[in-house]
Amino acid sequence: MTSSKNGLKAIAIIEAFKGLLSLLVGFGLHALAGRNLQQVAESIVSHTHLNPASHFPSVFIHAASSISDRNINLIVIGTLAYSLIRFVEAVCLWKAFVWTEWFALITGAIYLPFEVYEIVSHTHILSISVFLLNVAVVWYMARVLQSKRKERNASTI
């Protein structure tokens, strides 16, 4: 059971990182409200010496230019809600609550078709890495839940 706890703690750290990343994005967008986001995005791309015509930088610039001031508040609220969900999931996985194990399995599995689509339409090392990490999390959570089910069935016999 110790390896199960260690695995759950590792996944909890991943979920906490996702929550922290989302929180940073939310606060960053809130700080940029009212500014010309396309100009800010172009400045970031230029500062990091990326080619603005390549795929990810151009998507970033286009996404920034299409965000209106009205929509930015909704996006910030969404990122804050997402980060709260990830932080709750991380804490509850750390404590090995069974409902959170199911939650991690289901929410991880929901993303898989979208990640496969992303790999098929835009094969990139980042999309492949995210997909493989998510498959590992879903597989591990399924294994933990299956192991608990077997233990429960063995104790009832």
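Because only heavy atoms are used, hydrogens play no part in the values below, and waters and symmetry mates are left out as well, while side chains stay in.
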Chemist: What is the minimum heavy-atom distance between A96 and K5, and which atoms define it?
Modeler: CB-NZ, 3.5 Å
Chemist: How far apart are the C-alpha atoms of L84 and L80, what are their side-chain angles, what is the distance that settles it, and do they pass the side chain to side chain contact (heavy atoms under 4.5 Å, CB included) test?
Modeler: CA-CA 6 Å; L84 178 64; L80 294 177; over 6 Å; no
Chemist: Indicate if V91 and L93 have the same hydrophobic cluster label, given that clusters are the connected sets of ILVMFWY residues with side-chain heavy-atom separations under 4.5 angstrom.
Modeler: no
Chemist: Can you check side chain to side chain contact (heavy atoms under 4.5 Å, CB included) on K18 and L21, steps first, answer last?
Modeler: CA-CA 5 Å; K18 287 165 43 178; L21 191 61; 5.7 Å; no
Chemist: Please examine the side chains of I14 and R86, heavy atoms only from C-beta on, and report whether any two atoms are closer than 4.5 Å.
Modeler: no
Chemist: Are L132 and I110 co-members of a hydrophobic cluster defined by side-chain heavy atoms under 4.5 Å apart?
Modeler: no
Chemist: Indicate, with yes or no, if F114 and L112 share a hydrophobic cluster defined by side-chain heavy-atom contacts under 4.5 Å among Ile, Leu, Val, Met, Phe, Trp and Tyr.
Modeler: no
Chemist: Who passes side chain to side chain donor-acceptor pair (under 3.5 Å) against N51, sequence neighbours left out?
Modeler: none
Chemist: Would you say the side-chain atoms of S127 pair up with the backbone N or O of T123, donor to acceptor, closer than 3.5 Å?
Modeler: no
Chemist: Between L23, L29, V25, which is the residue that forms a side chain to side chain contact (heavy atoms under 4.5 Å, CB included) with F27?
Modeler: L23
Chemist: When you measure from the side chain of S147 to the backbone N and O of R143, does any donor-acceptor pair fall under 3.5 Å?
Modeler: no
Chemist: Report the distance from atom CZ of F97 to atom CD of E89, rounding to the nearest 0.5 Å.
Modeler: 13.0 Å
Chemist: Can you list the steps and then say if T100 with L8 is a side chain to side chain contact (heavy atoms under 4.5 Å, CB included)?
Modeler: CA-CA 10 Å; T100 318; L8 290 177; over 6 Å; no
Chemist: Tell me, yes or no, whether the heavy-atom count around H55 atom NE2, taken from other residues, nucleotides or ligands under 6.0 Å, exceeds 12.
Modeler: yes
Chemist: Quick check on the hydrophobic clustering: are V130 and I11 connected, directly or via other members, by side-chain heavy-atom contacts under 4.5 Å?
Modeler: no
Chemist: For a 4.5 angstrom cut-off between non-hydrogen side-chain atoms, does I119 reach H124?
Modeler: no
Chemist: If I compare all heavy atoms of A64 with all of A41, which pair ends up nearest, and what's the gap?
Modeler: CB-CB, 3.6 Å
Chemist: I want to check something: taking the side chain as every heavy atom from C-beta on, are E118 and L126 in contact at a cut-off of under 4.5 Å?
Modeler: no
Chemist: What's the separation between atom CG in N73 and atom NE2 in H30, rounded to the nearest 0.5 Å?
Modeler: 8.0 Å
Chemist: Considering all heavy atoms of both residues, which atom of A109 and which atom of V138 are nearest to each other, and what is their separation?
Modeler: N-CG2, 3.5 Å
Chemist: Is a side-chain N or O of T48 found less than 3.5 angstrom from the main chain of I44, in a donor-acceptor match?
Modeler: yes
Chemist: Is it true that E151 and K148 make a salt bridge, defined as a side-chain N closer than 4.0 Å to a carboxylate O?
Modeler: no
Chemist: With rounding to the nearest 0.5 angstrom, report the CD1 to CD1 distance, I75 to I67.
Modeler: 4.0 Å
Chemist: Please round to the nearest 0.5 Å and tell me the distance separating atom OG of S66 and atom CD1 of I61.
Modeler: 12.0 Å
Chemist: Could you tell me the separation between the CD1 atom of I85 and the OG1 atom of T107, rounded to the nearest 0.5 Å?
Modeler: 9.5 Å
Chemist: Quick check for you: to the nearest 0.5 Å, what is the distance between L20 atom CG and E15 atom CD?
Modeler: 13.0 Å
Chemist: For I13 and W94, what are the C-alpha separation, side-chain angles and deciding distance, and is it a side chain to side chain contact (heavy atoms under 4.5 Å, CB included)?
Modeler: CA-CA 8 Å; I13 290 169; W94 193 271; 3.9 Å; yes
Chemist: Decide yes or no for L37 and S65: does some side-chain heavy atom of the first lie under 4.5 Å from some side-chain heavy atom of the second?
Modeler: no
Chemist: Within the distance-only criterion (no hydrogens, no angle test), does the side chain of S22 pair as donor or acceptor with the backbone N or O of T79 below 3.5 angstrom?
Modeler: yes
Chemist: Answer with yes or no after comparing the ring centroid distance for F56 and H122 against a 6.0 Å cut-off, counting only values under it.
Modeler: no
Chemist: Hey, quick one: are L105 and V98 part of the same hydrophobic cluster, counting side-chain heavy atoms closer than 4.5 Å, chains of contacts allowed?
Modeler: yes
Chemist: Any donor-acceptor pair under 3.5 Å linking the side chain of S129 with the backbone of I125?
Modeler: yes
